[in-house]
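Report on the following structure.
Any value given below was found using the heavy atoms of this structure, including those in side chains, with hydrogens, waters and symmetry copies removed. Counting starts at 1 for both ligands and their atoms, following the listed order. Note that the structure is a prediction, hence the values are computed from the model and not measured.
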Amino acid sequence: MKHLLSVQDLGAEGVHEVMRLTDSFVEVSGRAIPRVPALRGKTVVSLFYEDSTRTRLSFETAAKRLSADTMTFSVSSSSVNKGESLRDTVETIEAMGIDAVVVRHKSSGVPWRIASWVNASVINAGDGWHQHPTQALLDCYTIRSRKGDLGGLRIAIVGDVMHSRVARSDVDAFAALGAEVLLVAPPTLLPASLEGWPVKITHSLDEVIGGLDVIYLLRIQRERMTEALLPSLREYRAVYGLTADRLRALRRDALVMHPGPMNRGVEIDAEAAEDERSVITAQVSNGVAVRMAVLYLLLGSGADLVAPPAGDQ
Ligand code: CP
C-alpha cells in the first residue's frame, strides 16, 4: 500500500493488520527509550492547513520514535500567505526530498489531489467532513484493547454526524470489523442522505443508552455550521449530552469515547470525561502507536521493526 487516504483503502483485513502491528509499537512506546531504527533515513512532513493538537503531534512523535526525520509546515508562517497555491507548495516541499506527507485540509478530497501530484506516500490526517482514517484506526485499537474484538458490539456514535469526518471513518471501520453501529442525533445533524451507510438511526439517546457497549460522543463543530442547526447548546446537552444522569444509565462495562477536542458541558460533562469507563486518554496514547504502525506499513522495508537503534540498548 502506498497511501492511506480512507478506511476503505484498508478494508477489514488491512485494519486488522494495522492493529497487529500496533501491538508491537505499544511495546516499543513503553520502553525507557521508545525508539527503533525502522525508518532511519526517511523524511515525513506534516502539512496541516487546519488546526490540530492530537493528530499533528501524534504523527510527529510516531515518526521520531521510528527514527525518521520530520518537517513541520505551518500555514500561518508560510508563503501560502503570499498566495502560493496548494500544488506549488506541495511540489516545493517534495523537491526538498520527502518520503511521506501527512495532510489535513478543510476541503474534502485534497489528500487524493496531492497523491496525484507527488511520488511520496500521502496520509490523510482529516479532509473536510470526509475522512480521518487514523482516528478510526486508533478508535478500533482502543476498543479492541478493552473488549478483545469489535464483532457483535453495539456502538452508538452520538451528535454532530453531519460535519464529522471521524463519524464517517469510524462507521466504515466499526462496521467492517462486525460491530452494530447506531447513529444517535437530531435530524438536523444527520447527513441529508445515509444511503449505503451500514448503520441504524435513532433520535433518542435515552431509549438506547442502557444497551450500549460503547458510547462515542462527537464534538459539536460550531465552526463548520453555516446556519442554526440547534435551538441552543443547553437544549442539545439536555437531550444528547452525556450528563451525570445518563452516565448512571450506562452499563458498568461500557466504554466512553470522544475524538477530542471536547466541548465539556455540551456533548460530554466533566464527570463522564473523567469516569472510570472513559478511555479518552487511552485513545490519545494509542494514537501514537497506531500512527507508528501506519508509517511503518507505508515506508518500512520490513526489517528492523522493533529492535532498538544501535547504542540505545
Ligand atoms: N481528534 C483529532 O483529530 O484531534 P485534533 O484536531 O486535535 O488533531
Side-chain angles (χ1 to χ4, degrees), residues 4-7 10 15 18 22 44-65 70-76 100-111 114 122-143 145 155-174 189 214-225 242 255-264 266-268 272-273 278-295:
L4 176 59
L5 303 176
S6 72
V7 168
L10 290 167
V15 175
V18 172
T22 301
V44 177
V45 60
S46 309
L47 188 67
F48 277 59
Y49 279 76
E50 253 193 3
D51 295 341
S52 169
T53 298
R54 278 148 283 270
T55 312
R56 188 173 61 77
L57 291 178
S58 169
F59 265 114
E60 289 172 6
T61 304
K64 286 179 177 140
R65 287 186 182 176
T70 56
M71 286 166 56
T72 301
F73 171 85
S74 167
V75 171
S76 62
V101 184
V102 180
V103 60
R104 172 171 286 189
H105 202 281
K106 66 179 186 308
S107 298
S108 299
V110 161
I114 294 175
V122 179
I123 302 171
N124 185 354
D127 64 318
W129 307 357
H130 184 214
Q131 279 282 311
H132 192 348
T134 57
Q135 179 70 47
L137 291 168
L138 73 87
D139 290 337
C140 287
Y141 188 82
T142 303
I143 297 171
S145 67
I155 304 177
I157 298 177
V158 183
D160 187 0
V161 178
M162 186 202 298
H163 301 104
S164 178
R165 55 196 175 210
V166 172
R168 286 170 178 79
S169 288
D170 273 349
V171 164
D172 290 343
F174 296 164
L189 292 183
V214 178
I215 182 166
Y216 195 106
L217 291 315
L218 296 171
R219 183 170 68 88
I220 292 289
Q221 300 195 40
R222 279 172 285 183
E223 76 279 12
R224 296 196 202 274
M225 293 185 190
L242 188 56
L255 303 180
V256 174
M257 301 181 74
H258 192 298
M262 291 183 270
N263 294 307
R264 287 179 187 244
V266 181
E267 69 267 1
I268 186 166
S278 167
V279 292
I280 296 167
T281 306
Q283 288 173 264
V284 177
S285 304
N286 289 333
V288 176
V290 162
R291 287 167 177 131
M292 288 170 80
V294 167
L295 288 169

Sole candidate of Leu218, Ile143, Ile268, Ile155 that passes side-chain contact (heavy atoms from CB on, under 4.5 Å) when paired with Met257: Ile143
So if I apply the side-chain contact (heavy atoms from CB on, under 4.5 Å) rule between Arg56 and each of Thr72, Asp51, Thr61, Val102, which one comes out positive?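 Output: one option passes, namely Thr72.
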Under the side-chain contact (heavy atoms from CB on, under 4.5 Å) test, which residues partner Val266, sequence neighbours left out? Ile220, Leu233, Tyr236, Asn263
Apply side-chain contact (heavy atoms from CB on, under 4.5 Å) to Thr22 and list each qualifying residue two or more places apart in sequence or on a separate chain. Val18, Val26, Tyr141, Ala289, Val290, Ala293
Can you list, by chain and residue number, every protein residue with a non-hydrogen atom closer than 4.0 Å to ligand 1? Ser52, Thr53, Arg54, Thr55, Arg104, His132, Gln135, Pro259, Gly260
Among all residues two or more places apart in sequence or in another chain, which pass the side-chain hydrogen bond (donor to acceptor under 3.5 Å, both in side chains) test with Arg104? Thr55, His132
Look at the rings of Trp129 and His163 and say which category their plane angle falls in: under 30° parallel, 30 to 60° tilted, over 60° perpendicular. perpendicular
